[in-house]
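Atom set for the values below is all heavy atoms of this structure, side chains included, hydrogens, waters and symmetry mates excluded. No experiment lies behind these values; they were computed from the predicted model shown.
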Amino acid sequence: MTQRVVVIGAGVIGITTALELQRRGHSVLVLDRIGVAAEASAGNAGAFAFPEVEPLATPGIMRKAPKWLLDPLGPLSIPPAYALRIAPWMYRFWRASRPDRYGELLGAQARLTDLSRQALGRLVASVNGEGLLQRDGQMQLYEGEAEFRASLPTWDLRRKHGIEFELLESPVDIAKKQPGLSSRFTHAGFTPNWLNTVDPKSWVEHLAEVFLNRGGQIQRREIRAMSPVENGIRIVCADETLGAAKVVVAAGAWSHQIAQTLGDRIPLETERGYNTTLPKGAFDLRMHLTFSGHGFVASKINGGVRIGGAVELGGLSLPPNFKRADVLLKKAAEFLPGLKTDGGTQWMGFRPSLPDSIPVIGPSPKSPQVVYAFGHGHLGLTQSAGTAEMVGALVDRQSPPISVSPYAATRF
């Protein structure tokens, strides 16, 4: 073993990174305030969404935002109590969506996602994880010719990035792949190489078990502060103070609070996502379904169906509004007429998001002994393996597989 590295965060980014650091010979301790896969990594849709290379901050998106925001239960909402607080973040989001910036962000997103696709293959082989994957593909659904035609530039973008897909232009063709859909969906795009895990929580727990079996440690600690000391970093926890040669901050939606104790101010916000997980037998779901015009998905989770999505920019403190989950489930029942909606379990989680849709991956400007790995938004599971390989190289002071400059904390 070379040196002790502490990873703060036991979600998918933290645990995957801990495994990579362990593979590189480091003694690794993972700290988390609640435990393994206890936050966003537990209840997401379970998709390795490698075809999703386009950033959320796209040109023209701000023209659509006012219409969405008028509907408090629509695909994008900001609770009135939070509107003033999030205004600076929204301004940065608008700037990131301008055409001159968009091209840079698209390239950064595509490079990280492509690296992560390759890295996931290496990870799956190393942890015997194939049994936790579903290789059923994904279908993105459109209501009518106009909505479908408006989506074609996105499909052209995927073609340029080598993503395999098939466009379907009739309900009959759609039904051949996924029976039971409402006939209101007239067009679709099918991506056959889309991956899901059978359950995102089970995936992270499996990785954590492998990490522990290989000699790693996971402790439940609430982190209060960090500060540089000679030859390392001091970590102040609620109950004791620890030391480390290097620290990786991968604490999801709470990462910016930890970074601030070092003096780094990073504009992280939370997209609060909602879902309902229905038990086995709820619907014969053949693949991951994306209802493009409504901002939610249906995915297979442990043989059941998870209906979830939408974006509520409401921070960490406001109470959840589960009416949003109810609305999504009601829509799903309309779109999937045979869906059995009773017996479900509701959930709300915090997606850690930066205003330009790109995560922070790289050293802290205040201390080179601290490496940041957070802010992946909807793509934490998707980009976890690639992020881990980048962080591993940075900790070892090697050149990472792709340039870290687009993801630097100093860009804000």
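At a threshold of 4.5 Å between non-hydrogen side-chain atoms, the residues Pro79 and Asn321 do not count as touching. Annotation: side chain of Val5 is not in contact with side chain of Val247 (no heavy-atom distance under 4.5 Å). With a 4.5 Å cut-off on side-chain heavy atoms, Leu354 and Leu268 count as touching. Looking at Ile301 and Val198, their side chains never come closer than 4.5 Å, going by heavy atoms from C-beta outward. Side-chain atoms of Ile235 and Ile223, non-hydrogen and from C-beta on, do get closer than 4.5 Å to each other. In this structure, the side chains of Lys300 and His288 stay at 4.5 Å or more apart for every pair of heavy atoms. Within the 4.5 Å cutoff, side-chain heavy atoms of Met90 are placed close to those of Leu313. Side-chain contact between Met226 and Val370 is present, with heavy atoms from C-beta onward closer than 4.5 Å.
Among all heavy-atom pairs drawn from Gly14 and Val7, the shortest one is O-CG1, 3.6 Å. In terms of heavy atoms, Gly386 sits closest to Leu115 at O-CD2, 3.7 Å. Contact detail for Ile266 and Ala409: the closest heavy-atom pair is CD1-CB, 4.0 Å. Taking every heavy atom of both residues into account, Thr341 and Ala333 meet most closely at CG2-CB, 3.9 Å. Nearest heavy-atom pair across Ala81 and Leu318 is CB-CD2, 4.4 Å. Closest approach of Val12 and Ser41 over heavy atoms only: N-OG, 2.8 Å.
Rounding to the nearest 0.5 Å gives a distance of 3.5 Å between OG1 of Thr387 and CD1 of Ile361. Here CE of Met139 is found 13.5 Å from NE2 of His187. Values are rounded to the nearest 0.5 Å. One finds the CZ atom of Arg272 at 4.0 Å from the CE atom of Met348 (value rounded to the nearest 0.5 Å). Residue Leu207 holds its CG atom at 5.0 Å from OG1 of Thr16, rounded to the nearest 0.5 Å. One distance of note links NZ of Lys246 with CG of Leu394; it measures 9.0 Å at 0.5 Å rounding. Rounded to the nearest 0.5 angstrom, Ser292 OG and Gln140 CD are separated by 3.5 Å.
The aromatic rings of Phe335 and Phe185 sit perpendicular, their planes meeting at an angle over 60°, well past the 30° parallel limit. Ring-plane geometry between Trp155 and Tyr142 is classed as perpendicular, the angle between the planes exceeding 60 degrees on a 0 to 90 degree scale with a lower cut at 30. Taking the six-membered ring where tryptophan is involved, the planes of Phe50 and Phe48 are essentially parallel, since the angle between them stays under 30° and well short of 60°.
Thr277 and Arg306 form a side-chain donor-acceptor contact under 3.5 Å, judged by distance and modelled atom types alone. Donor-acceptor pairing under 3.5 Å is lacking for the side chains of Thr186 and Glu143. Residues Ser403 and Ser405 have side chains that bring a donor and an acceptor to within less than 3.5 angstrom of each other. A donor atom on one side chain and an acceptor atom on the other are not found under 3.5 Å apart for Gln383 and His378. Defined by atom type and a distance below 3.5 Å, a donor-acceptor pair is missing between the side-chain atoms of Gln260 and Asp264. For the residue pair Tyr274/Gln346, the side-chain donor-acceptor check at 3.5 Å is not satisfied.
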Discussion item. What verdict does the salt bridge (charged side-chain N to carboxylate O under 4.0 Å, His left out) test give for Asp32 and Arg221, after you've listed the backbone C-alpha separation in whole Å, the side-chain angles of each residue and the deciding distance to 0.1 Å?
Written reply: CA-CA 5 Å; Asp32 193 277; Arg221 305 276 185 185; over 6 Å; no
Practice prompt. Dump the intermediate steps for side chain to side chain donor-acceptor pair (under 3.5 Å) on Ser77 and Arg324, then the final yes or no.
Written response: CA-CA 10 Å; Ser77 74; Arg324 296 183 64 78; 2.9 Å; yes
Discussion item. Is there a side-chain contact (heavy atoms from CB on, under 4.5 Å) between Thr191 and Glu164? Walk through the geometry before answering.
Written reply: CA-CA 6 Å; Thr191 46; Glu164 182 182 347; over 6 Å; no
Worksheet item: What's the verdict on side-chain contact (heavy atoms from CB on, under 4.5 Å) for Phe190 and Leu167, showing C-alpha distance, side-chain angles and the deciding distance?
Response: CA-CA 6 Å; Phe190 175 66; Leu167 297 180; over 6 Å; no
Discussion item. Between Thr290 and Gln138, is the side chain to side chain donor-acceptor pair (under 3.5 Å) condition met? List the steps.
Written reply: CA-CA 7 Å; Thr290 301; Gln138 178 250 18; 2.7 Å; yes
Worksheet entry | Residue pair Glu269, Tyr82: steps toward the side chain to side chain donor-acceptor pair (under 3.5 Å) verdict | CA-CA 11 Å; Glu269 264 300 339; Tyr82 203 70; 2.6 Å; yes
Worksheet item: Are Leu181 and Leu289 close enough, and set up right, to give a side-chain contact (heavy atoms from CB on, under 4.5 Å), and what steps lead you there?
Response: CA-CA 10 Å; Leu181 277 161; Leu289 299 179; 4.1 Å; yes
Item to complete: Begin with the C-alpha distance, continue with both residues' side-chain angles, and end with the deciding distance and a verdict on salt bridge (charged side-chain N to carboxylate O under 4.0 Å, His left out) for Arg286 and Asp136.
Response: CA-CA 7 Å; Arg286 306 285 178 85; Asp136 302 321; over 6 Å; no
Worksheet item: Lys201 and Glu205: salt bridge (charged side-chain N to carboxylate O under 4.0 Å, His left out), yes or no, with the steps?
Response: CA-CA 6 Å; Lys201 183 175 176 62; Glu205 288 175 340; 3.3 Å; yes
Discussion item. Could you walk me through whether Glu52 and Arg158 satisfy the salt bridge (charged side-chain N to carboxylate O under 4.0 Å, His left out) test, starting with their C-alpha distance in whole Å, then the side-chain angles of each, then the deciding distance to 0.1 Å, before giving a yes or no?
Written reply: CA-CA 8 Å; Glu52 300 301 313; Arg158 289 169 179 154; 2.9 Å; yes
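At least one test fails for Lys340 against the ring of Phe283: distance under 6.0 Å to the centre or angle within 45° of the axis. By the 6.0 Å and 45° rule, Arg98 stacks over the aromatic ring of Trp94.
With respect to the salt-bridge test (charged N to carboxylate O, under 4.0 angstrom), the residues Glu39 and Arg351 do not qualify. Under the 4.0 Å criterion applied to side-chain N and carboxylate O atoms, Asp114 and Arg111 are not assigned as salt-bridge partners. With salt bridges taken as basic N to acidic carboxylate O contacts below 4.0 Å, none links Glu334 and Lys331. Under the 4.0 Å criterion applied to side-chain N and carboxylate O atoms, Glu240 and Arg234 are not assigned as salt-bridge partners. Salt-bridge annotation for Arg24 and Glu20: present, with a side-chain N of the basic residue lying under 4.0 Å from a carboxylate O of the acidic one. A salt bridge is defined here as a Lys NZ or Arg NE, NH1 or NH2 lying under 4.0 Å from an Asp or Glu carboxylate O, and Arg159 with Asp156 meets this definition.
Other residues, nucleotides and ligands place no more than 12 heavy atoms under 6.0 Å from the CZ atom of Arg95. In the displayed structure, Arg184 atom CZ is contacted under 6.0 Å by more than 12 heavy atoms of other residues, nucleotides or ligands. Annotation: Arg122, atom CZ; neighbour count of heavy atoms from other residues, nucleotides and ligands within 6.0 Å is above 12. By the neighbour-count criterion of 12 heavy atoms within 6.0 Å, atom CZ of Arg85 is sparsely surrounded, having that number or fewer from other residues, nucleotides or ligands.
For Phe374 and Tyr372, the ring centers sit closer than 6.0 Å to each other.
For the pair Arg411 (side chain) and Tyr407 (backbone), a donor-acceptor distance under 3.5 Å is present.
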